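Note that ligands are numbered from 1 as they come in the structure, with each ligand's atoms numbered from 1 the same way. Just so it is clear, the structure is predicted and the values come from calculations on it, not from any experiment.
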Amino acid sequence: MDPQPSNAAAAELELKGVGVSPGIISGPAFVLAPEDESVVVRDIRPADVPHELQRYEQALVATRQQIRDLQHRMTESLGKESAEIFEAHLLMLEDRAIYDEIVRMLQHELKNIEYVLHEVTNRYAQALHDLQDEYLSERAVDVRDIARRLLHNLAGRSSSALSELAEPCIIIAHDLSPTETAGLNKSKVLAFATDLGSPTSHTAIMARALGIPAVVGMHDVSLRVTAGDPVLVDGQHGLVFVRPVAERIERYERKRKAHAAIRLRLGELRDQAAMTRDGYNLPLAANIELPADADTAVLNGADGIGLFRTEFLFLNNVPSEDEQTEAYLQVARRVAPATTIIRTMDIGGDKFISHLKMPQQVNPFMGWRAIRFCLAQPEFFKMQLRAILRASTLKNVKIMYPMISNVKEVIEANRLLAEAKNELTARGEPYDENIEVGVMIEVPSAALTADLIAPHVRFFSIGTNDLVQYTLAVDRVNELVTDLYEPTHPAIIKLIKHTIDVSHDHGIWTGVCGEMAANPMLVPLLVGLGVDELSVNAPGVPLVKDVIRSLRYSQAEELGQAALRSGSADEVLHNCHTLLAQIAPEILELVE
Ligand code: PEP
Ligand code: MG
């Protein structure tokens, strides 16, 4: 009998996570190992020290070059100030104290350079972190970032190589940091799969916006896939197949072709209105993260931008007022005459930005986030308000405040907006004097006091991502409680209905821009509850439009009424499923 083939380990492996961006795709894996996994300890001989030092010097040169390239790209896409964070990284590479300590430890401990570098930089970062100085303790993050780049270069593979991928591939990572995301070469990244993350994490939101299939919350995918392994990703169902068997590839290929055909047909809806079969027109806008995404929104047939998450502009540095104005104008011009709703920065929560002076918080989602952070720094906030106002000259821009939890915050934000207007008037700069202001309704207290807030604004936009998290006490980025994250929970249905009714009583409108609006199954429910606008990730626009165009308003109303009477999230979801199966089975096929 033939011996057992030595490639028994090469059997197909099926791994499950949370599907956060749909699509079926296969390709070779590019594995970005967790930091500590890549550090192996080896003894060396005294005679090896010069060689190890030479390797270190080479890694320094390569890292310096990669950072310069990244800095250059960031300057081009987001402006000079955005790229300044990398100056600090470059300076750290020149740090004499770190270098001397590495040489000393190499000579005394006689271990390989990877281990020595890891030890020295870890100690250095820890010392910075332990200092009571906020600025210095934040530099610890930079030291770790630089150490990781150096380690990857020593291993002959760099995280910056993510931006220089020669061949299209599937990224397998423990997590993706903001720096890594900023450096991605999007045309080469076929899909992501990460150990950490959840549907509303930063990586997931970006993946959906880019239309890149993604699976997150996989726990240990980065340890179970080897570089170059053939991988098949099903981003809808959160499945990753490593070394898929021929039958699996064929089955998925048939599915992919069928989905592509449906999407092709959906593409034809681009210039059609999002109107129900009985003539009810529902504006359908897109959510964007960066100015360039406005293009995708328009190409997908969105009625303007319902949510511009401006905090993504602040990811690598603080853009100046002029740079912000340019970014906002770029979007306003691209979608004109349609509207752009610019949300003031929602920094904090999972969008922690180390270069802004933010303390580490035990519970960041409940802490110093969004409007709280902005109202505490009025000059910083007003710089953004002035930039938004300056971008409003086409009269197609609206302002929206995030994470409002009481009416005082709205009144204070409006007061600062009035000051920002006066400052521009004094400078002789034009802006839309009647610019409309709205608020996100994403904290239960805001929903329940919508009647107090309504007199101060012109619209509400329900952020279901946070509303679900805060109402049900379910951390939106914690994969351990994903099952409890139920947008059809009776509490959520009641809060949405209450918000919409109050807005109508006050003669203003309510949109939904949370991910609930992008779920084709839940669209008829939101329509039935009386929502006036939906805003969804750009690639999701055609799907949602098709659902609306397949629906009768009366069917939606019936569904909404039944949901209000229902006592269970599962029952509501079941009814939503039944209706979608009846009106748009093709769409159900895409999302199930
Ligand atoms: C929301 O909370 O639903 C929302 C749209 O905002 P974000 O996801 O940016 O918190
Ligand atoms: Mg939110």
| message | Please report whether ligand 1 has a polar contact with Arg476, defined as an N or O pair separated by less than 3.5 Å (distance criterion only). | response | yes
| task | Just jot down the ligand 1 atoms closer than 4.0 angstrom to any heavy atom of Gly463, in number order. | result | 1 (C), 2 (O), 3 (O)
| query | If only atom types and distance count, is the side chain of Arg369 paired as donor or acceptor with the main-chain N or O of Met403 below 3.5 Å? | reply | no
| said: Residue-level breakdown please: for Asp346 versus ligand 1, do any non-hydrogen atoms fall below 4.0 Å on the side chain, on the backbone, on both, or on neither? | reply: side chain
| Heavy atom under 4.0 Å from ligand 1: found in Met440's side chain, backbone, both, or neither? | side chain
| task | With heavy atoms of Gly514 as the reference, note each atom of ligand 1 found under 4.0 Å away. | result | 3 (O), 5 (C)
| said: Between Lys382 and Leu416 (side chain of the first, backbone of the second, donor and acceptor by atom type, cut-off under 3.5 Å), is there such a pair? | reply: no
| message | Counting only heavy atoms not in Glu571 (residues, nucleotides, ligands), do more than 12 fall under 6.0 Å from its CD? | response | yes
| For ligand 1, is any non-hydrogen atom under 4.0 Å from Leu307's backbone (N, CA, C, O), its side chain (CB onward), both, or neither? | side chain
| task | Indicate, as side chain, backbone, both or neither, the part of Glu289 found under 4.0 angstrom from ligand 1 when only non-hydrogen atoms are considered. | result | neither
| Pairs where residues 435-449 contributes a residue and the test salt bridge (charged side-chain N to carboxylate O under 4.0 Å, His left out) is met, not counting sequence neighbours | Lys398-Glu436, Glu436-Arg458
| field | Which of the ligand 1 atoms, numbered from 1, are nearer than 4.0 Å to a heavy atom of Arg369 | value | 10 (O)
| Is Arg309 salt-bridged to Asp346, going by a charged N under 4.0 Å from an acidic O? | no
| said: Glu515 versus ligand 1: do any nitrogen or oxygen atoms come within less than 3.5 Å of each other? | reply: no
| remark: The N/O/S atom of Asp466 lying closest to the Mg ion (ligand 2) is OD2
| For ligand 1, the portion of Arg343 having any non-hydrogen atom under 4.0 Å away | side chain
| query | Nearest non-hydrogen atom to atom 7 (P) of ligand 1 belongs to which of Gln469, Arg309, Met400, Glu442? | reply | Arg309
| message | To make sure I understand the geometry: which N, O or S atom in Glu442 is closest to the Mg ion (ligand 2)? | response | OE1
| remark: In short, Pro539 meets Arg208 closest at the heavy-atom pair CG-O, 3.3 Å
| So, does Asp322 use its side chain to make a donor-acceptor pair with the main chain of Thr325 at under 3.5 Å? | no
| field | Whether Lys545 side chain and Gly301 backbone form a donor-acceptor pair below 3.5 Å | value | yes
| task | Using a strict 4.0 Å threshold on nitrogen-to-oxygen distance, state whether Lys408 and Glu412 make a salt bridge. | result | no
